[in-house]
Amino acid sequence: MFPKGTKRKFLDSAEDAATATVAGEQGPASTRTPSPSYSLQRQSLLDMSLIKLQLCHMLVEPNLCRSVLIANTVRQIQEEMTQDGTWQIMTQALAAAQCPTDRLVATEVLCRQSDPAAAPYPLVGGLDRGYHSEEVVMEAGDAHKEALPTQSYLQQQEEEEEEDGGDEDGEESEGEDVDERPEVDSRPGEQVFGTFEIKQQPPPPPPPDPALEELFSDVDPSYYELDTVLTGMQSAPKMGPYDLLESLSSHGPQPLSPGASCRSDLNELDHIMEIIVGS
Amino acid sequence: MKCFSRYLPYIFRPPSTILSSSCHTEADIISTVEFNSSGELLATGDKGGRVVVFQREQESKSQPQRRGEYNVYSTFQSHEPEFDYLKSLEIEEKINKIKWLPQQNAAYFLLSTNDKTVKLWKISERDKRPEGYNLKDDDGRIRDPSTITSLRVPVLQPMDLMVEATARRVFSNAHTYHINSISVNSDLQTFISTDDLRVNLWNLEITDRSFNIVDIKPANMEELTEVITSAEFHPQQCHTFAYSSSKGSIRLCDMRQAALCDKHCKYFEEPEDPATRSFFSEIISSISDVKFSHNGRHLMTRDYLTVKVWDLQMENKPLETYQVHDYLRGKLCSLYENDCIFDKFECVWNGSDSVIMTGSYNNFFRMFDRNTKRDVTLEASRENSKPRAILKPRKVCVGGKRRKDEISVDSLDFSKKILHTTWHPHENIIAVAATNNLYIFQDKVN
C-alpha cells in the first residue's frame, strides 16, 4: 500500500497516498525516504489541519472533539516527519524563507475530485485556491466563517481554572514584525505546537509600519495575535497560519487577564486596525 | 429483512416550517429525536431550541388498516440563545439531546439539553377550567365587591384540550464544555449529563448541586488528546454506566466502587488493524454514539464507517461489526477537508434488539438484522415517499458499471445526512430526521 516506488494512476494515488500506511510500519528509519508525492501529500494534510485548527467560530465556542482530533492528526504527522528526518529539513528550509507555493499544488493533488462539478457538497472554498492567504479563506469559506484559534479556547479554559503565571512569551516577536522569528524547534514528538516556524509569505507582508509599532508598543503581543485572528486576519500585517501556533506553546498558559477586559482591549484594537487599514 | 419489506411513510415537519426541503431556515434543522418509553409520544428538538412532541392517534376500530398516525401534540421553546459574558461566546440554543422519563402519572416528563443547561419539562393536559369565581368574572375582570350579593362555589367546566409545557427544573452551571449526552438512570431519581471532559450526576429534584463522577481533563490542557463523546446508564443496573471516547474506546464504570469513577471496571477497545492504518485512522475510530441494548447484555457503538455490537463480557473485540458505508474509505481525505469526517451519527436498537439502525449520507439510512445478517439501505426523501408508498431499497455503486437504480459514490449528497434516528420501543415504527424534515415509517399491516 505504501506508494514508494509504486506506479499508480494519478487520481488513485492522490486519495490512496493520503490514506497510505504510515511510514513507521515500513522499515528501519535509515532506509526509509518517503516518496516526493507522499511527502507532498502529507505536507498538504498538515497544512490543511493547521488551517482547520485556526478557523473556528468567532462567536460560538469551537467544538473541542474536532479540535482534539485535528491536533492529534497534526501530532501524528509531525512525529512521522521527525522520524523521517524531513521535519528538520522542512523547518530549516522554511526558516530560510522559501516560498511554499508548491503546497498549493499539493492541495489540488491531494483532494481533487474527478469532476468538481459533480461534487454536490462544496469543499471549503478557500482551500483549493491555496490557503497561503487568509483573506481568500475567509471570503470563500462560507461554510466556515471562523476566526477564533485553538489558542483562545485553550487559554480560556485555563483562565477558567484561574491559572496564572507563565511569563510572557519572550520568544514571540512583536506582532508587526513578522519577518524575524528565529525560533526553530526540532524537539521530536512532544509538543505539536512547539515553536516551530513555518512561514508562509506570499504575498510578502508590508514592512513594519512605524505608526503601527507606536500604536502597539504598549500592547502585549499575545493580545495582538489574538486580535489579528479575530478581525479575520484581513488587516496588515499578515501572519502565516503557523505563526499563531507559537502561542499554543508549552510555555504555559498565556497571561491573559479575565476575558472581559481582554475583549474590550481587542475591540479597541479592532477599531484602530480598521481605521489604519481604511487609510 | 421481513419486517421492513413494506412500510408506510409519513412526512412531518415542525409546524413553523412552510418551506420545501431545498430551502429552510437553519433553526428548523432537527437535532434530536426520541420516542418515549411507551412509544405513544415522539419528541424532536431543533437548532432553534424548540421541542415538538408528536402523539400517536388512538387506533380506531373502524379503520384497522390505518395504524395510528403521529400528530403534533405540543410545541414549546425549550432553550433560548445565551451569551456567556465571561468568555464572550454565544451559547447555542440547539437541543442536543432529549430523554423521556417513564410515565408515572398523567403528565409527561422529558429532559432536554443544549450545550450547557439541562431542563426538565412537564407536559400536561388541561381540559377543564374553573368557572364561577366570586371575586372575578369569567373573563378575569375583578368584580366590584358591592355588586356581590351571594356566594357560589366555583365548578370545573370542560374546555378545549390544551397541552401545556412547563419547565420544572433547570440544571445549569455544571458544565464548562459542551454537553453531548444525557441519560436517565433506571432508578428514576438520578441522571447524568456528559460533556467533552466530564460526567456529572444529578438528582432530578436538586438543581443546585451535581456530583462529578468522571473527569478526564488533564492538568495541562496542552496534553489533551482524548475527549468523551457519549455516555449512557445501563438500562437495568442503576450503578453502571458506559462512556465512549474519541479514541474509539468504551469504558464501563461502577459507581459503587468509588465516588470518582476514573477507574473503569471494563475497557472495550478493538486493536487497530495495522494494514489499514492511515492518518485518518484515529478520526474514523472516534465513537459518535453508544447505546446499551434493551436487555442490557450488549453495547452498540457507532464510529465513522461502522457500527459495532459488543458483548459486555468481552472487552477485547466486538461481537459484530457492520459496515455502514465502507465506500467512503477511499474518500476520507475529501471528507476531512469538508469536515464531514467529524459528523456524529447516532445508532439505535429495535425493541427486541434484533435489528440495529443508523444513518448515512444522501438521506440514506441503514438497517442490519443481527440474526439473518441481512442489511438494507433506505432513503428518506420526499420524492420517494408518497403516503402508503413502499420504500425501495437503495444501493450505492462502488465502481464498475452502475445499474439503473444505483447511485454512484461521487453523486452522493454529503449535505444530506441522517444523524438522528429513533425506534419505537415495541413496534416497527421508526422516526428519521433528515435535516429539517421528520420522516416516520411504519411496518405495513398485512
Side-chain angles (χ1 to χ4, degrees), chain A residues 1 14-16 18-22 25 41-42 45 48-49 52 57 59-61 63-66 68-73 75-77 80 107 110-111 113-115 118-124 127 143-144 148 153-154 156-160 191 193 248-250 252-253 258-260 262-263, chain B residues 83-92 115 176-178 180 195-197 217 219-229 245-247 274-283 286 288 329-342 344 361-362 408 410-416:
Chain A
M1 227 348 239
E15 277 288 350
D16 284 340
T19 53
T21 313
V22 174
E25 320 281 289
Q41 285 139 12
R42 181 176 59 186
L45 190 60
M48 195 191 334
S49 305
K52 279 182 182 299
H57 286 292
L59 286 177
V60 181
E61 231 170 322
N63 184 334
L64 187 62
C65 182
R66 175 178 172 272
V68 166
L69 288 173
I70 298 172
N72 289 349
T73 308
R75 192 176 288 121
Q76 190 186 344
I77 295 174
E80 189 184 296
T107 317
L110 185 62
C111 296
Q113 302 210 329
S114 52
D115 178 10
Y121 191 82
L123 301 177
V124 177
L127 285 175
H144 295 272
L148 203 65
Y153 78 79
L154 281 180
Q156 280 163 351
Q157 309 312 348
E158 289 167 16
E159 261 177 81
E160 181 106 5
Q191 296 119 6
F193 307 118
L248 282 168
S249 66
S250 56
C262 172
R263 205 71 186 186
Chain B
F83 195 76
D84 180 339
Y85 292 97
L86 195 63
K87 295 188 197 173
S88 293
L89 292 170
E90 274 185 7
I91 299 171
E92 283 190 318
D115 284 338
T176 309
Y177 306 98
H178 292 175
N180 52 53
D195 66 32
D196 294 315
L197 299 178
K217 181 174 194 271
N220 180 2
M221 278 294 276
E222 297 284 335
E223 292 163 7
L224 180 66
T225 57
E226 189 174 12
V227 300
I228 301 174
T229 51
S245 83
S246 58
K247 286 203 168 164
T276 58
R277 188 153 183 262
S278 75
F279 288 119
F280 304 110
S281 294
E282 187 184 316
I283 299 178
S286 171
S288 50
R329 202 176 283 272
K331 301 265 170 209
L332 291 179
C333 183
S334 311
L335 294 165
Y336 179 70
E337 189 171 11
N338 65 17
D339 266 11
C340 283
I341 208 174
F342 300 108
K344 294 194 185 310
Y361 294 105
N362 210 74
S408 76
D410 294 319
S411 311
L412 293 174
D413 187 346
F414 289 94
S415 66
K416 293 188 180 162

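- Seen from the ring of Tyr336(B), Lys52(A) counts as a face-on cation partner, given the 6.0 Å and 45° thresholds.
- Considering all non-hydrogen atoms of both residues, Asn72(A) and Thr225(B) come closest at ND2-O, 2.8 Å.
- Within the 4.5 angstrom heavy-atom criterion, only backbone atoms of Glu226(B) (N, CA, C, O) approach chain A.
- Screening Leu69(A), Thr73(A), Val68(A) against Glu282(B) for a side chain to side chain contact (heavy atoms under 4.5 Å, CB included) leaves a single residue, Leu69(A).
- Nearest heavy-atom pair, Thr229(B) versus Cys65(A), reported as atom, atom and distance to 0.1 Å: CG2-SG, 4.1 Å.
- The CZ atom of Phe279(B) lies 3.5 Å from the CD atom of Glu80(A); values are rounded to the nearest 0.5 Å.
- Separating the OG atom in Ser281(B) from the CD atom in Gln76(A) is a distance of 7.0 Å, to the nearest 0.5 Å.
- Per-residue counts of heavy-atom pairs under 4.5 Å with chain A were compared for Ile228(B), Ile283(B), Ile341(B); the largest is that of Ile283(B).
- Shortest non-hydrogen contact noted between Arg75(A) and Glu222(B) is NH2-O, 3.9 Å.
- Between Tyr177(B) and Asn63(A) the shortest side-chain heavy-atom distance does not fall below 4.5 Å.
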